[in-house]
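Take a look at the structure set out below.
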Amino acid sequence: MGTRVGEAALLLKGIEKRFGLVTAVRGLDLAVAQGEFVTLLGPSGCGKSTTLGLIAGFFPPDAGEIYLGGRHVENLPPFARDIGVVFQDYALFPHMTVAQNVAFGLKMRRVDRAEINARVEEALDLVKLGGLGSRRPLQLSGGQRQRVALARALVVRPTVLLLDEPLSNLDLKLREEMRAEIAALQRRLAITTVFVTHDQGEALAMSDRIAVMNAGAIEQIGRPTEIYERPATRFVADFIGRTNVMPATVGAAGSTQVSLVTVQGATIEVATAHSLATGARALLAVRPERATLATAPVADALSLRAEVTQILYLGASREIHLTLDDGPAVIVDLANDGREPPIEIGDRVWFVAAPASCLVLPA
Amino acid sequence: MSLARRAAGPWRALRWTVAVIYLFMFGPILITAAVSFNASNRSQFPPQGFSLRWWGNALSEEWLEPVLFSLQLAGATAALCVLLGAPLAFILTRQRFRGREVLVALTLGPLMLPALVTGVGLLQFFQYMGLRDYIGFPSLLAGHVVISLPFAVRTIAISLHGLPPNLELAAMSLGAGRARALWEIVVPLAKSGIIAGAVFAFVHSFTDVNLSIFLAAPGQIPVTVKIMGFLEFGFAPTLAAVSVITLIVPLTVVGIMQWLFGLGDFIYGDARG
Ligand SMILES: Nc1ncnc2c1ncn2[C@@H]1O[C@H](COP(=O)(O)OP(=O)(O)OP(=O)(O)O)[C@@H](O)[C@H]1O
Ligand SMILES: [Mg+2]
């Protein structure tokens, strides 16, 4: 990416990090604009925390460059980088009160007493913990500890805010509450943020952009809708949401259109940015909620014969499991629109997807 | 009801076991204490009459001097063990480096050696290295640090193990240098472990006789060694009184530390203090 040093609040160029024989991060490039919320999303062990640790300066990279606010920082220790970090386990200092925890960064910066008090109070109000300053971390609930950790990181007004799975220790309801709150706070303060999670829901809901990581590198980066609607690889398509994937062969390939031949010899014209050669093998992907069922084939849509194998009633939707004739198993989500057409296990049906709902992925 | 009855058997057995253990621990001490109040010249139990003259002997210059000497020695040993042991424990728990195993072996090794062997070794070392003049307090201090350090290091290491390493990283991300993070975060949180380590080193030094017996010098004699020497003349009631004093001193130290810092939290398992 052609971003120059001056433009990005945070810039990583060709970052590599090895731990012994394990390469945790391999050739990672990332540019985060001022005030942007970027999420590193990926499965366990893909190098998200390592990347965050490299930005924070907890260990040096083996190769590559890191710029924070235009400053070249990869040789600087964490305390010289002007960052705020929120850890998964919060890492609150148990021997200090909430107020002392929040004041710590200001104390290290030799801010004078009166200003420290004012800013600590302001920060605690910001995370809705006003009045709890004299408590100890162990006397707080999980959600409250989370807020203290956030206040402690924010009070120093860091160049970037780094959050490593801050919500994963909270129960579901609190998690959803906090993710809305953190996102709102981030927008209000316009603080450049790198957020690590392996929860795609969090990533989609909170981010300006999502960087999907796989095996130490970024597989795709883009706005949540791009990542979800136009995954570039099968890995991304599988990791974010669910995807039905079937084998296909490229028929005629244009510059923006490609004609695919898939199971049962069905042919469909699909828009694509991938350049594919005629005769090449590819994958055809359809999201479960973008497919539907029909009793007869539908013109100008992908229509495949299938048999119903299982029906799961989920309240808001029904999840219909099918097996395509001469093809793989697929899933269709039928939204609960109040009509609920009768479907039985063993029914012969047509699996239908409009061309706009079909995606081409490299095999 | 039936549950309670079934539990009663084992519970009663446990209670009796504990009682017997206490009897074996405190019985001899109580007898010694009783003997020190004997009116007769012989160490008899039950004591014949009541007298404080043995206590008069025990509290004379002759015995107070070695008690004081032992106190100073144990105090210095405890201080040195903490100064050396805390950094050592930190390095051993946090850092992975070449030669770590060797350092562990060197630190904890003296635990496996009889103190007697260490004592003989140190004595020869001081003699052959031309350090004869340092036999006495300096050699005793060196020896006591060697044999007490493992206790301090282990105890401090346990308290460091309980701390998430993220705490230091959090402090550093907030602008604290490495030393500042140690001082503001690690030291206060490991405090009870550090104090417990000092207490263990103190007690271990104060009660040692195996090593001290080789390294004492005239006028620089720990009370335990003095007691050993005195035993050659038989067990006089004076010794009973002295023994009670040497028991009370370390107990008092532990008691004061407990009162000041609440060691129990640490010793009985809650490393967070
Ligand atoms: N300090 C370390 N020493 C050795 N290997 C490490 C270290 N830290 C991370 N690794 C390895 O580097 C790889 C990436 O780890 P990392 O913690 O960055 O993953 P992650 O994406 O944060 O995963 P998770 O979602 O489980 O937190 C893993 O294979 C891990 O085992
Ligand atoms: Mg991680």
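Only this structure's heavy atoms are used, side chains among them; waters, hydrogens and symmetry mates stay out. Chain letters run A, B, ... following the sequence lines, proteins first, then strands; residues in each count from 1. Predicted model, so just to flag it, every value in this text is computed and none were measured.
Both cation-pi conditions hold for A:Arg152 and A:Phe93: the charged atom is under 6.0 angstrom from the six-membered ring centre and inside a 45 degree cone around its axis.
For B:Pro150 against B:Ile147, the heavy-atom pair with the smallest separation is CD-O, 3.6 Å.
The aromatic rings of A:Tyr67 and A:His72 lie parallel to each other, their planes meeting at an angle below 30°, with 60° marking the opposite boundary. Ring orientation note: the planes of A:Phe37 and A:Phe195 are tilted relative to one another, at an angle of 30° to 60°.
By the 4.0 Å N-to-carboxylate-O rule, A:Arg145 lies too far from A:Asp89 to be salt-bridged with it.
Atom OH of B:Tyr134 sits in a sparse spot, with 12 or fewer heavy atoms from other residues, nucleotides or ligands closer than 6.0 Å. Atom CZ of A:Phe59 has more than 12 neighbouring heavy atoms from other residues, nucleotides or ligands inside a 6.0 Å radius.
For residues 95-129 of chain A, a heavy-atom distance under 4.5 Å to chain B picks out A:His95, A:Met96, A:Phe104, A:Gly105, A:Lys107, A:Met108, A:Arg109, given by residue number.
Heavy atoms closer than 4.5 Å to chain A are found in both the backbone and the side chain of B:Ala171.
The most heavy-atom pairs under 4.5 Å with chain A, out of B:Glu168, B:Arg178, B:Glu184, come from B:Glu184. The greatest number of non-hydrogen atom pairs below 4.5 Å with chain A, out of B:Pro188, B:Pro165, B:Ala170, is found for B:Ala170.
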